[in-house]
Number of protein chains: 2
Amino acid sequence: MPDPSQTQTSQTQTRLPLSRDRILVAALAYADTHGLQALSMRKVAGDLGVEAMSLYNHISNKADIIAGITDLVAGEITLPTPDFDWKGEMRARSQSAHRVLVKHPWAAAQFQAGHPPGPMMMTYLDATLGCLMAVGFTPAQADHARNTIDNHIYGYTLQKLTRPTRAREIARAAKKELKSIPAASYPHLHRRTEELANATSAEVDDFDFGLTLILDGLDALR
Amino acid sequence: MPDPSQTQTSQTQTRLPLSRDRILVAALAYADTHGLQALSMRKVAGDLGVEAMSLYNHISNKADIIAGITDLVAGEITLPTPDFDWKGEMRARSQSAHRVLVKHPWAAAQFQAGHPPGPMMMTYLDATLGCLMAVGFTPAQADHARNTIDNHIYGYTLQKLTRPTRAREIARAAKKELKSIPAASYPHLHRRTEELANATSAEVDDFDFGLTLILDGLDALR
DNA sequence: CGGCGGTCATTTACACTGTAAGCGCCCGAT
DNA sequence: ATCGGGCGCTTACAGTGTAAATGACCGCCG
């Protein structure tokens with residue numbers, strides 16, 4: 001170890017103090033690059049140049065960290081605003097949420113895990129309800145509508161996260177899977193996979209497919 | 001330890017040999033009662049009266065166990081059959097899936113995790129595709145339709161698993177939550193929660209709400 | 001200026017996780 | 001009779017979350 005006095009001064013100068021926010025930012029970055037299951041107290045602490053137990057002076061436990069970074073992610077979604085074109089608002093909001101959840105691949109599962117929502121998530125919920133209620137939906141209808149839309153967003157995002165996205169790769173993956181899908185046992189699944197293996201261009205976007213379905217259905221109920 | 005010879009004979013008589021199936025059954029039971037996050041090799045082994053490492057003679061690792069029990073759950077869902085009343089088939093299949101996933105509360109998240117499907121899951125997928133294609137949907141349409149429906153099932157089930165189900169309890173929970181939802185910051189969310197706190201009877205079932213939406217939308221596309 | 005209390009990083013420790021490596025028993029085949 | 005392999009066990013290790021106690025620093029108050 002070098003001269004202690006120098007180390008001290010350089011520390012007090014360079015190393016800014018730990019804080020809940022700094023911990024959450026580091027944890028968020030770690031989860032994004034290594035996955036949530038790889039996130040551990042010691043790893044986050046390491047990235048901050050600190051020992052694991054030091055984190056407990058600012059956060060209460062690991063669940064607290066996960067709740068914190070999940071709410072940070074919720075804060076990245078652009079909020080819908082009351083507007084006559086509520087479908088457009090919902091579509092924009094859905095695509096924003098989808099983009100954000102792809103950027104933080106571990107987050108969609110957390111959104112669905114059912115833990116109590118943080119403040120960011122609550123403003124996101126509130127804005128969505130407000131947008132729907134402004135165009136005539138009852139609170140209950142708005143609630144159900146939001147649930148249905150969100151389920152679609154989360155489900156679609158989760159499934160897209162594990163499959164290749166470019167047409168080229170989809171075809172290659174499908175060819176590989178085809179060997180483990182005997183046509184005798186799974187005729188329809190086999191046929192569909194064959195189709196995917198030979199597809200050259202990306203098909204109609206599934207996301208808008210289901211979303212339009214839901215929005216149009218909601219429109220009729222209003 | 002008692003007389004070894006007696007112990008041996010009683011063991012060879014009473015204790016049936018370990019097997020992949022016995023392990024999966026024990027693991028499934030454990031996950032159902034204690035949750036998937038509490039499932040560990042030692043716990044499962046303990047329930048079988050055996051040491052943890054013995055399991056590895058029949059399964060390759062913990063992920064293998066989880067994949068196995070997940071596929072067991074998939075096998076419990078009643079399959080749809082090709083029928084003119086495809087909406088009825090889809091509705092029945094959805095409700096069966098929902099019931100099964102409530103019985104195994106950890107499973108819905110696994111279904112959505114995107115791991116390669118086991119044989120039971122694949123016959124489930126194949127039957128669904130078959131039912132849809134039999135009434136005129138193209139393979140791609142059937143695929144998208146199934147995805148949209150399943151997202152709804154999983155999402156709805158996951159959310160129902162964390163909230164109280166009886167109207168009485170919903171109201172009580174809503175009253176408690178109300179304190180952490182200041183009307184100033186979250187007016188619409190607050191209003192909706194208020195409504196829930198005063199609701200006496202269960203509302204229209206959200207599940208059928210969204211499902212009908214989707215099925216009707218699909219019908220128009222066919 | 002002296003010391004005192006509070007803040008906060010650290011050290012040590014414990015119970016628990018998945019699983020690699022190797023031991024030894026028993027059983028069935030040669 | 002012996003050998004080989006299947007299979008349960010023991011031991012071991014690296015890693016997990018976190019409780020408890022230690023100690024360095026800082027600003028405040030006398």
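Convention: sequence-line order gives letters A, B, ...; per-chain numbering from 1.
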Of the listed C:dA9, D:dC9, C:dT11, the closest approach to the A:Leu18 side chain comes from C:dA9

Begin from the C-alpha positions of A:Asp64 and A:Arg20 and carry the test side chain to side chain contact (heavy atoms under 4.5 Å, CB included) through to its verdict.
CA-CA 10 Å; A:Asp64 187 18; A:Arg20 176 168 221 268; 2.6 Å; yes

Taking the six-membered ring for Trp, are B:Phe209 and A:His144 parallel (under 30°), tilted (30 to 60°) or perpendicular (over 60°)?
tilted

Please tell me which of the listed nucleotides, D:dA20, D:dG8, D:dG17, lies nearest to the side chain of B:Asn57?
D:dG8

Go through B:His34 and B:Tyr30 one step at a time and tell me if the ring pair (Phe, Tyr, Trp, His ring centres under 6.0 Å) criterion holds.
CA-CA 6 Å; B:His34 300 89; B:Tyr30 193 94; 4.2 Å; yes

Geometric class of the B:Tyr156/B:His98 ring pair [parallel <30°, tilted 30-60°, perpendicular >60°]:
tilted

So, is B:Ser54 near the phosphate of D:dC7, with a side-chain N or O under 4.0 Å from OP1 or OP2?
no

Do A:Glu76 and A:Arg99 meet the salt-bridge criterion of a basic N to acidic O distance under 4.0 Å?
no

Between D:dT16 and A:Lys43, is there an OP1 or OP2 to side-chain N/O distance shorter than 4.0 Å?
yes

In terms of side-chain heavy atoms of A:Arg42, which of D:dT16, C:dA9, D:dA12 is nearest?
D:dT16

Sugar-phosphate only, base, or nothing, as touched by B:Ile59 at under 4.0 Å among non-hydrogen atoms
nothing

What is the distance from CE of A:Met53 to P of D:dA21, rounded to the nearest Å?
12 Å

What nucleotide among C:dC8, C:dT10, C:dT17 has an atom nearest to a side-chain atom of B:Lys62?
C:dT17

May I ask you to evaluate whether B:His58 reaches the phosphate of D:dG6, defined as a side-chain N or O under 4.0 Å from OP1 or OP2?
no

Short side-chain to backbone donor-acceptor contact, B:Asp71 and B:Met120, under 3.5 Å
yes

Closest approach to the side chain of A:Ser40, judged atom by atom: which nucleotide of D:dT11, C:dT17, D:dT16 is it?
D:dT16

Taking salt bridge (Lys or Arg N to Asp or Glu O under 4.0 Å) as the definition, give me every residue that meets it alongside A:Glu177, ordered by chain and number, with sequence neighbours left out.
A:Arg163

Please round to 10 degrees the angle between the axis of the first five pairs and the axis of the last five pairs in the helix from C:dC1-D:dG30 to C:dT30-D:dA1.
20°

Rounded off to whole Å, could you give me the CG-to-P distance for the B:Asp64 and C:dT19 pair?
10 Å

Nearest-neighbour nucleotide for the A:Tyr56 side chain, D:dG17, C:dA9, C:dT19 considered
D:dG17

